[in-house]
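Below you'll find the structure, written out as structure tokens, and then a few comments.
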Amino acid sequence: MDLLGLIIGAVLTLMIFSYLLRDNQLYRWALALLVGTASGYAMAIAVRFVMNEWISLALSEPNTSVRMIYIGVLLMGCLMLLKGFTPTRFTGLIMTLSNIPLGYLVGVGAAVAVSGALMGTLIPQVLTTGAELTMNGVNGLSDGWLTLVQGIVIALSTIITLLSFSMNYKRGAGTGQEGGRRRGDRWKRTCRGVGQAIIAIALGTAFAGTITTALTALMMRLWYLADLLSRWTVLIGG
Amino acid sequence: MIRCPACGTQNQDDRRACRVCGTALPQTKLRCPKCGALNSVGNLFCDQCNTRLVHAEDTIPPEEPESGEEEFPTSAVKGISLPSRLPSDIAEDDESASDSLPDWLSGLMDDVQPLDDAAEDETEETGTPSWLLDAGLDMTGNIEPQDPDEIPDWLRAGSVESDALTDESEDEPKALPDWLAAMAEESEPSLPEADDAYPDETLPDWLRGAGNDRSADEMPATADREPVADAHYEIVADDEAPVGPTEDDKEPLIFSESELPDWLFESQPEASQAAARQPASPSAGDEPADDAIDEMDNADAALPDWLLELSDDTVEDVTEDTAEEAIEALPSWLTELAPEVREAEAPDIAPAADRILMPDDGDEAVRLPTDEAPSTPDVQVSDDVPDWLAGLDLARTAPDDSFTGDQSIPAPSEAATGDILEEEEATAEPTWERLTSSDEEPAWLRGLRAGEETTEDTAAGSVFLDLEPTEAPVAFVEDDLSGTQPIEATDEIPAWLRDLDVGASEPSVDDVDTHDTATPPLARAELPPWLEELAPPEADDTGASGFEIHEGAEEGARQPRVSGSLTPADIPDWIEQLRPGPQEEGQPLPRRQMVLPTPAEPEGPLQGIPGVLPSHAMVDMATGTDEEPAPGPVLAPPLPESVIAQAQLWQQLLEQPRSVERPVAQQRPQRAPHLRVMRWIVAAILVIGILAAFWLVPEGLVRSLQPPLSAAQGAPGTTALVEGLDRLGPGDTVILAVEYTPAYADEMSQIAAPLLEHLNTRDVEVLIVSTLPEGTGLSYALTPQPRNRQTLTGSDYLAGNASGIAAFLNRSEAETARQLIILASDPQRFGWWIEQTTLHNQRRADAEMVISAGVSAATGPLVTPYLRSDIVTGWIAGFPQAAMYRDARGSGTGVGGTSLLGILTLAHWAVAALLLVAWIANLINKKGGG
């Protein structure tokens with residue numbers, strides 16, 4: 001059974017690799033199989049979760065009041081299904097009822113997300129950015145000045161990158177505006193350029209990680225094939 | 001823009017003069033003084049602001065009808081609409097009309113008292129025409145002559161029994177004669193034509209002035225009509241005006257009942273009526289009754305002079321000379337109108353008054369019609385025919401030329417107009433001859449009597465009947481009642497008159513009945529050339545309007561054909577030029593014939609002429625084929641060569657058949673050959689490089705390529721992670737969040753493997769959860785599997801993303817967890833876990849959960865802010881750091897060991913090299929391609 005799985009995996013791997021030549025039907029079949037399997041598995045998990053976690057729990061709740069709450073919540077979930085209907089003369093009023101649970105979800109999600117983003121993202125990252133501005137050696141750097149320079153660079157890069165998204169200046173306004181263009185717009189253009197450069201470096205770094213991930217996946221697949229081939233060879237060769 | 005006609009300069013639309021030469025420009029636009037918008041020249045108000053552009057005084061105010069405008073008197077007889085004139089207009093035109101009127105007629109008009117209010121009121125009340133009022137008669141029957149002597153006897157008879165001719169009188173005519181009643185019953189539209197065709201000057205005097213006993217409805221519609229001035233009429237001065245008999249002197253005239261219209265007959269005294277009822281003697285040579293003669297003589301004494309003159313002439317022995325003299329004395333218009341008498345073929349119709357005497361210029365009145373016998377065997381005059389009526393020459397011709405009554409006569413307007421009479425005046429030498437029988441009577445007169453009997457067939461106002469143009473000219477001779485020999489036609493009779501083929505036979509009743517009721521037949525008159533051109537085409541054989549080619553007609557006069565075909569119309573010269581002429585073979589068509597290929601007219605006056613529209617140089621024309629050549633000449637427009645080339649190219653493109661073998665949706669675009677080669681080269685490098693790392697490159701070389709970096713330098717989070725996991729003890733709960741998709745399963749499994757091995761060595765309980773549905777399934781593919789794996793009640797799937805995480809952290813299972821290890825390939829989900837866990841830790845200040853992370857190489861740079869912060873304690877980003885983690889723990893090399901790491905290193909070098917080569921090639925191509 002493991003061997004059969006290996007073989008199927010190898011075949012599917014080769015079918016995906018066939019895209020290197022050109023788009024073909026084998027690649028599409030393998031891709032459709034992967035997408036379909038994942039979607040099907042996800043649907044099964046979701047349905048089992050809803051059935052087991054919510055419906056059965058709601059119905060098996062001994063406390064009536066709690067049960068009613070569960071049932072109320074389930075009904076609100078059912079109202080969400082009305083969002084899938086096409087607005088017509090008859091379904092227009094019904095579709096407005098689905099806005100109630102939708103609004104509740106959006107509100108709760110926004111509350112959770114905002115609080116978490118504030119406490120878990122913004123504040124910690126701001127503090128981290130400023131934490132490098134110290135003479136104490138951090139992040140493996142023993143020299144305080146190097147740490148400070150590193151911290152300054154990080155802080156300035158962060159600030160300049162954020163400012164580059166809000167910098168707007170006039171382009172080529174013609175005679176009479178040349179003076180203003182020289183003074184007011186120069187530092188804006190500089191800030192914008194530096195910010196774009198930093199963003200480019202960050203994106204390059206991200207691209208490098210993406211290449212690493214892709215090469216890792218390729219390597220692992222080839223290793224898999226090689227391993228299978230060696231096993232077949234051993235099996236055939238005895 | 002307006003182009004100056006002088007210098008050709010373009011000027012603005014609102015300029016009045018050229019800005020260069022000052023020439024006045026045609027105004028094409030009007031500028032609004034208020035808003036400045038340009039408006040069309042014809043606008044009175046601005047289109048934009050509605051400001052008046054043209055001053056009110058500059059515009060011609062529309063004519064408004066006057067409130068007190070006098071109205072045209074309407075016809076008292078229903079169905080009759082005779083041309084009418086306002087009394088004021090009549091008074092105004094008196095002077096102008098009097099100059100052209102004959103003396104005898106002008107004399108009558110002078111006697112007409114101006115219509116004062118009383119007269120007008122009287123006229124309006126009674127509806128009596130002014131001319132009749134002059135005679136002292138009104139429609140109410142009251143005879144109030146201004147001058148009793150002016151009223152002729154025949155007109156003085158009886159009282160007029162009539163209703164008031166008022167506008168309110170809309171009743172049917174009560175006592176209309178048949179012929180006049182027929183006019184009323186026929187269509188109204190025809191009546192005006194008939195009325196217009198029969199102006200006063202065309203009616204005989206006895207008819208025009210008669211009607212003393214007619215009812216109001218029987219009177220003509222225009223009661224106030226006045227005889228239109230005619231050159232052939234003479235207005236007699238007051239002192240010359242014939243003095244009609246007074247009422248006391250009035251003696252009845254004797255007419256035959258069938259001869260006279262009812263209205264006229266009724267006006268006669270009873271004795272006269274009784275005598276008139278005696279059958280007339282249509283045969284030639286009958287002696288008129290002595291009584292009638294005496295009565296006529298008595299009546300003559302009361303007639304106006306002008307009428308007496310004519311009548312005296314008829315009493316005298318008519319000889320050729322006298323007849324000729326009499327004819328010469330007649331006005332030309334009268335002689336022209338006098339039809340030629342032919343032998344009567346239908347003696348059924350009782351002879352009407354055969355004597356028609358028209359007053360001539362300066363002549364005295366013609367004797368009234370009498371019933372004297374015709375002077376000649378051929379031309380007979382009934383005893384009842386007045387003298388003046390008998391004066392018409394009805395010289396007989398061949399019996400075949402008798403009047404049949406089938407031929408229609410053109411509208412009187414065409415046959416008898418003042419202009420026509422004027423033209424023929426000089427040539428006419430009328431002679432009078434008594435009409436002795438109905439056969440000799442004029443056709444128009446015959447028609448009158450026929451109309452009396454047939455009320456339906458006689459057209460309105462028809463006086464003239466169908467007449468056959470005669471070959472011989474009609475001679476008007478003055479005949480007496482003694483029946484002298486008729487005077488033959490002379491050469492002096494105009495040609496148009498000769499054309500009138502007045503049949504000798506009288507129209508029978510049946511013939512009359514067959515007439516078209518629309519229009520009465522008229523005697524054909526000689527028309528001037530300009531009028532002949534406009535003459536309508538000859539009608540069919542039903543007898544509507546008939547023209548026959550007659551001899552003796554003036555040259556150049558249009559010769560209408562007999563019914564059955566259209567009269568050829570004169571084709572203008574400019575169209576005639578377009579008629580294709582004889583073309584020689586091989587000779588190109590003349591330029592004027594190069595028209596659009598429209599088919600030539602197959603018939604008609606434009607037969608043979610193709611379309612006359614001028615051809616346009618840019619119009620494409622059919623060239624035809626060899627089998628079917630173009631219907632007409634083909635133009636060769638002078639098109640430029642570029643246009644011709646483009647047209648030919650389009651034609652070639654359209655002629656090319658579309659390839660059926662090439663499905664557009666499926667076929668991929670053709671790539672350049674060098675691009676295909678590059679794709680193969682890249683694929684080969686990747687495959688060879690990877691394989692070579694396994695079998696071709698020695699192990700030492702692989703190791704030498706690895707950077708000599710320590711784990712602390714290469715992976716700063718690896719050490720903290722190792723230390724954090726080392727602090728775990730047995731029974732501790734570690735939450736493992738699987739947040740990656742199957743696509744990242746190979747890499748993440750390499751990252752998760754050393755962590756799981758470490759956790760297994762620490763003998764902790766691992767709770768695997770995921771916000772992805774497939775995450776829990778992927779957790780079962782991890783190797784090694786956690787030794788102490790815990791599961792949540794229900795499912796390990798956390799629905800709701802961040803809310804699900806928050807809800808999970810509030811559960812009891814999460815309350816006891818000491819560390820959270822996040823295995824994520826998605827930065828967003830990683831952030832959700834970080835955020836919610838941070839919030840959870842803030843609520844649980846005493847027992848915070850340590851957060852560790854294991855992310856893919858792609859996710860690492862994106863989540864570095866989280867990793868660099870104090871929130872995350874230890875992390876692994878990518879396969880290389882995972883290898884370092886193993887090295888740091890000293891747990892071995894894992895699956896593939898260093899080989900995989902070497903291969904990954906070589907792959908990185910290969911990719912870097914490819915990127916460098918592509919960048920250099922892009923620079924080269926960019927510079928070269930521009």
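Each chain gets a letter, A, B and so on, in the order its sequence line appears, and its residues count up from 1. Just so you know, these numbers come straight off a predicted model, no measurement behind them.
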- Here the side chain to side chain donor-acceptor pair (under 3.5 Å) pairs for residues 5-14 of chain A, sequence neighbours left out, are Thr13(A)-Arg221(A)
Rounded to the nearest 0.5 Å, how far apart are [atom1] of [X] and [atom2] of [Y]?
| X | Y | atom1 | atom2 | result |
| --- | --- | --- | --- | --- |
| Ile871(B) | Gln125(A) | CD1 | CD | 8.0 Å |
| Asp746(B) | Trp223(A) | CG | CH2 | 13.5 Å |
| His908(B) | Ile211(A) | NE2 | CD1 | 7.5 Å |
| Met219(A) | Phe879(B) | CE | CZ | 4.5 Å |

- Query: For atom CG of Asn63(A), is the number of surrounding heavy atoms from other residues, nucleotides or ligands below 6.0 Å larger than 12?
  - Reply: yes
- Query: Do you know which of Tyr224(A), Phe207(A), Phe49(A) has the most heavy-atom pairs under 4.5 Å to chain B?
  - Reply: Phe49(A)
- Message: I need the residue from Thr37(A), Leu105(A), Thr216(A) with the largest number of non-hydrogen atom pairs under 4.5 Å to chain B.
- Response: Thr216(A)
- Task: Name, in order of residue number, those residues of residues 770-780 of chain B that have a heavy atom at a distance of less than 4.5 Å from a heavy atom in chain A; otherwise write 'none'.
- Result: Pro773(B), Glu774(B), Thr776(B), Gly777(B)
- Quick one: which residues of residues 822-830 of chain B reach chain A at under 4.5 angstrom, heavy atoms only? none
- Query: Between Leu215(A) and Leu904(B), what is the shortest heavy-atom contact and its length?
  - Reply: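 Answer, listing the atom of Leu215(A) first, then Leu904(B): CB-CD1, 3.8 Å.
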- Query: Between Ala206(A) and Leu862(B), which heavy-atom pair has the shortest distance, and what is it?
  - Reply: CB-CD2, 3.9 Å
- side chain to side chain donor-acceptor pair (under 3.5 Å) between Thr121(A) and Glu835(B), worked out: CA-CA 7 Å; Thr121(A) 302; Glu835(B) 293 171 358; 2.7 Å; yes
- chain A interface, residue from Ser803(B), Pro742(B), Gly831(B), Ala745(B) that has the most non-hydrogen pairs under 4.5 Å: Ser803(B)
- Item | Greatest number of heavy atom pairs closer than 4.5 Å to chain A - which of Ser749(B), Ala912(B), Pro865(B), Pro880(B) | Pro865(B)
- Neighbourhood of chain B inside residues 107-118 of chain A, taking heavy atoms under 4.5 Å as contact: Val108(A), Gly109(A), Val112(A), Ala113(A), Ser115(A), Gly116(A), Ala117(A)
- Message: Whether the side chain of Thr213(A) engages the backbone of Ala858(B) through a donor-acceptor N/O pair (distance < 3.5 Å, no angle test) should be reported.
- Response: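 Yes; at least one donor-acceptor contact below 3.5 Å.
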